[in-house]
Structure formats: C-alpha cells, structure tokens
Amino acid sequence: MKASDKIDDACARLLAWYDGHARTLPWRVPPGSGEVPDPYRVWLSEVMLQQTTVAAVKDYFAKFTAIWPTVHDLAAADDADVLSAWAGLGYYARARNLIACAREVAGRGGVFPDSEEGLRELPGVGAYTSAAIAAIAFGRRAVVVDANVERVIARLFTITDPLPGSKEVIRAAADSITPDERAGDFAQAMMDLGATICTSRDPKCLLCPLSDMCTARKAGIAAQLPHKTPKKARPLRTGTAFWIESDGHVLLVKRDGKGMLAGMRALPDDGWSAKTSGDGTPPLFADWTEVEGMVGHGFTHFLLELSVQRCELTGREAEGEWWPIDRIGEAGMPTLFAKAAKLVLGT
DNA sequence: GACACGTGGGG
DNA sequence: TCCCCAAGTGT
C-alpha cells in the first residue's frame with residue numbers, strides 16, 4: 001500500500017466515522033444535511049471555543065445569538081453589554097476583539113472574508129480560527145490545527161518531540177492528510193475524534209476508526225503523546241477586594257483597559273497582580289470590617305487568595321457605579337469578583 | 001519563542 | 001486536593 005493510499009484511507013474513514021458520530025452542537029450543521037452554515041455563527045462559536053470547553057460555551061452561544069442574531073446586531077451593541085454577557089467565560093481580550101471584529105465585518109456590509117488569508121486579518125482571528133472558519137463556513141481546504149488535532153496527529157504519526165516546539169512538524173503532517181473536499185467536515189471530524197475518542201487521558205483506541213493505522217498505538221505509547229514541555233509553577237499572590245455598601249447598593253468600578261480582566265466591571269481592589277500581591281490599601285477612608293473567609297482563584301499563570309473588606313457609607317459620593325445589591329448577579333463581573341460577592345452575601 | 005491571559009470540569 | 005486540560009491570540 002502506497003503512503004498516499006493510506007492517507008486517502010485515513011481521510012475516508014474519518015469522514016465516514018463523522019457521518020455516523022458527529023456531535024450535535026448548536027453552531028453545527030449536521031453532515032450531509034445540505035444546510036449552509038452561517039459564517040457569523042461559525043465565527044462566534046470558534047472565538048468562544050478558544051481554550052474553552054464545549055460545555056462551557058453552549059449557554060453563552062445561546063445567549064449571544066438570542067440577543068445579537070446577526071453580526072450587524074453585535075456590531076451595534078454597547079461594549080459594556082457585550083462584556084457583561086461574556087462575563088464568566090474568561091479570556092476577556094476575546095470579547096474585546098469580538099466587538100472590534102464584528103464592527104469591521106459590519107463595515108464590509110456584514111460579509112465575512114471567505115478566505116483563510118482574509119479572515120486572518122480580523123481581530124481575534126488567528127491561525128487556527130481563520131482556518132476553521134474558511135473550512136467550516138466556506139468549504140475551503142485549510143489545515144485546521146487545534147489541541148485536538150495536535151493530539152490525534154502526534155499519535156497517528158508518533159511525533160515524540162514536545163509541544164509547542166513540534167507544532168510545525170504536526171501541522172505539516174496534518175496538511176498531508178487534509179482533503180480538498182469536505183474540508184469543514186474533515187476538520188470537525190478530527191476535533192470530534194480528539195474530544196471523544198483520542199482523548200488526552202485514557203484514549204478509547206478500541207473505538208477509533210484509525211486505530212489500525214495509528215503508529216503510536218502500535219508502539220504502545222499513544223496515551224503518552226503528545227509530549228509537552230513542563231509548565232512553570234504558578235506563584236501564589238494575595239490581594240484584597242473592597243465591598244463598599246450604601247443604601248442597598250455596592251460600589252463597582254470599571255477595570256483598566258489593559259491587563260487582567262481588562263475593561264470588566266469589578267469590585268475595587270488593592271492592586272494585586274500576577275507580579276505582586278496587593279498592598280491592602282483601601283480606596284477610601286472608612287470603618288472597614290474583614291469579611292470572614294477567603295476567595296481562592298486560579299488564573300493561568302498565578303493563584304490568588306483574595307480577602308474581602310467591607311464598609312457602610314451614608315452617602316454615595318465615591319467614584320464608580322452604584323449597583324443594586326439584589327441584582328449583583330446581573331453586574332457582569334468576572335468569576336473572581338462574583339465569588340467575592342458571594343462570600344460577602346453568604347450565598 | 002516566551003509570556004500574558006480565565007474558567008470549570010475531570011481524574 | 002491538586003493538577004491538567006480545553007476549538008488560541010496578541011505582544
């Protein structure tokens with residue numbers, strides 16, 4: 001059997017498997033249905049799915065498409081409303097780029113570029129997302145490589161060099177088995193395979209349509225691939241958030257446009273960051289009381305232990321936005337501050 | 001290439 | 001409990 005035959009075989013088997021096993025997802029068109037995917041929904045889902053699980057995205061996708069059914073609607077939205085709707089999903093730069101991208105596309109008449117290169121120019125659309133949209137929404141041949149594909153390819157071809165150094169080698173191997181036809185289905189098939197069969201831990205090789213051609217499985221090392229260079233330990237930082245209450249309202253601030261949780265509504269704090277712990281300094285002079293307990297929160301590159309101080313004011317002169325406490329859940333704060341609010345309110 | 005950038009779930 | 005991981009991008 002020639003190498004090219006094996007490649008065609010892998011491709012055909014994967015597509016056949018996908019026809020019978022594709023996950024049903026809110027943003028997906030079932031294979032063979034003849035439906036045409038909406039580029040707006042494909043784009044929105046792909047951005048939401050960056051470094052995020054399908055389960056976490058589902059509710060947000062439903063909410064966004066209900067409030068903003070088209071790219072024009074999203075482009076016309078207030079920044080604060082979009083950021084609030086995104087609150088809890090994480091990686092907030094994605095939301096800021098989402099707004100910028102929607103406005104750019106709306107400025108082109110609401111038409112997304114239909115090529116990988118054109119899509120790549122859009123804010124928040126990188127190598128992966130441009131390839132994914134080109135393939136899924138426009139049927140273009142594109143080499144779509146996410147963490148699922150990296151894992152499947154590393155195992156199929158026994159690529160043992162550690163990530164991220166081996167990205168180019170993996171991409172080239174993925175290129176070699178990417179078909180000209182059904183590019184979108186192929187990309188989604190690879191990702192579904194990685195998500196459900198060729199999983200990071202405990203791969204289900206007995207169920208895999210490619211198991212007999214998987215060289216890592218043959219070598220008995222499938223579960224150990226891909227190798228990854230070890231991550232650095234996350235430092236522990238401490239910080240303080242301040243709950244300033246007056247007449248049933250709490251004082252919220254808008255965070256800086258740069259850095260952690262940029263642009264998000266939040267409780268005032270003492271300036272903690274990934275680099276340093278906070279200094280405990282309150283934003284104003286008052287009779288502060290320590291709230292019992294602590295909020296533990298893990299960010300990508302550090303861990304935070306957040307204490308909360310509270311005080312009661314008689315007026316509302318302080319700088320910020322006074323938010324009704326009984327509607328604090330609608331404030332659209334990142335999870336860290338939502339946890340702090342729960343600690344204060346005992347909910 | 002390295003690092004900043006969130007969060008929730010699974011083993 | 002803790003560690004790893006997930007449909008990455010921008011700087």
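Note on naming: letters A, B, ... go to the chains in the order of the sequence lines (proteins, then strands), and numbering restarts at 1 for each one.
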- No-H, no-angle donor-acceptor pair, A/T129 side chain to C/dG8 base, under 3.5 Å: no
- Message: Applying a 4.0 Å non-hydrogen cut-off, can you work out what A/T300 is touching in the nucleic acid: base, sugar-phosphate, or nothing?
- Response: base
- Item | Heavy-atom side-chain proximity of A/L44 to A/L98 below 4.5 angstrom | yes
- Message: Over all strands shown, is A/A147 touching base, sugar-phosphate only, or nothing at heavy-atom distances under 4.0 angstrom?
- Response: sugar-phosphate
- Message: Just N and O in the side chain of A/K339: are any of them under 4.0 Å from OP1 or OP2 of B/dT7?
- Response: no
- Task: Identify whether the distance between the nearest side-chain nitrogen and carboxylate oxygen of A/D79 and A/K254 falls below 4.0 Å.
- Result: no
- Would you say A/F242 and A/L251 make side-chain contact, with heavy atoms under 4.5 Å? no
- Message: Just to be sure I understand the rule, does A/L25 reach a base, reach only the sugar-phosphate, or reach nothing, if contact means heavy atoms closer than 4.0 Å?
- Response: base
- Query: Whole-Å distance between C/dA6 P and A/M190 CE?
  - Reply: 14 Å
- Sugar-phosphate only, base, or nothing, as touched by A/P164 at under 4.0 Å among non-hydrogen atoms: nothing
- Task: Let me know the distance between CG of A/L236 and P of C/dC3, rounded to the nearest Å.
- Result: 12 Å
- Query: Without hydrogens or angle criteria, can the side chains of A/E46 and A/Y128 be said to hold a donor-acceptor pair below 3.5 Å?
  - Reply: yes
- Message: Rounded to whole Å, please give me the gap between CG in A/L261 and C1' in B/dT7.
- Response: 11 Å
- Message: Any base atoms under 4.0 Å from A/G194, or only sugar-phosphate, or nothing? Heavy atoms, all strands.
- Response: nothing
- Write out all pairs satisfying salt bridge (charged side-chain N to carboxylate O under 4.0 Å, His left out) with one or both partners inside residues 131-154 of chain A, taking only residues at least two apart or from two chains. A/D114-A/R140, A/R141-A/D175, A/R141-A/D180, A/E150-A/K167
- Would you verify whether the NZ or CZ of A/R182 falls within 45 degrees of the ring axis of A/W17 while also being under 6.0 Å from that six-membered ring's centre? no
- Item | Proximity to the side chain of A/R201 - top-ranked nucleotide from C/dC4, B/dG6, C/dA6 | C/dC4
- Would you find a donor on one side and an acceptor on the other, under 3.5 Å apart, between the side chain of A/R217 and the backbone of A/R155? no
- Ignoring hydrogens and angles, tell me if any N or O in the side chain of A/R310 forms a donor-acceptor pair with the backbone of A/E245 under 3.5 Å. no
- Message: When you compare the side chain of A/W86 with that of A/I99, does any pair of heavy atoms fall below 4.5 Å?
- Response: no
- A/S200 or A/R120, whichever maps to the more 5' nucleotide of DNA chain C: A/S200
- Message: What is the distance, to the nearest angstrom, from the NZ atom on A/K231 to the P atom on C/dA6?
- Response: 8 Å
- Do any N or O atoms from the side chain of A/T240 and from the backbone of A/V308 form a donor-acceptor pair under 3.5 angstrom? no
- Message: Can you pull out the residues from residues 28-64 of chain A that lie within a 4.0 Å heavy-atom distance of DNA chain B?
- Response: A/Q51, A/T52
- Closest to the 5' end of DNA chain B, once A/P334 and A/K232 are matched to their nearest nucleotides, is A/K232
- Message: Would you say A/H301 places a side-chain N or O within less than 4.0 Å of OP1 or OP2 belonging to B/dC5?
- Response: yes
- Message: Over all strands shown, is A/V149 touching base, sugar-phosphate only, or nothing at heavy-atom distances under 4.0 angstrom?
- Response: nothing
- Is A/H297 near enough to B/dT7 that one of its side-chain N or O atoms lies under 4.0 angstrom from OP1 or OP2? yes
- The correct set of residues in residues 87-99 of chain A placing a heavy atom under 4.0 Å from DNA chain B is A/G88, A/L89, A/G90, A/Y91, A/Y92
- For atom CG of A/L122 and atom P of C/dT9, their distance in whole Å: 12 Å
- Start with the C-alpha distance between A/M190 and A/I177, add both sets of side-chain angles, then the distance that settles side-chain contact (heavy atoms from CB on, under 4.5 Å), and finish with yes or no. CA-CA 11 Å; A/M190 288 286 280; A/I177 64 167; 4.1 Å; yes
- Message: Please report the distance, rounded to the nearest Å, between CG in A/D192 and P in C/dA6.
- Response: 15 Å
- Whole-angstrom distance between C/dT11 and B/dG6, as gauged at atom P: 14 Å
- Message: Output the rounded distance in Å from NZ (A/K167) to P (B/dG1).
- Response: 10 Å
- Should A/K228 be listed as having a side-chain N or O under 4.0 Å from OP1 or OP2 of C/dA6? yes
- Task: Mind calculating the distance between CD (A/E116) and P (C/dT9) to the nearest angstrom?
- Result: 11 Å
- Message: Base, sugar-phosphate or nothing for A/W86? Non-hydrogen atoms, less than 4.0 Å.
- Response: nothing
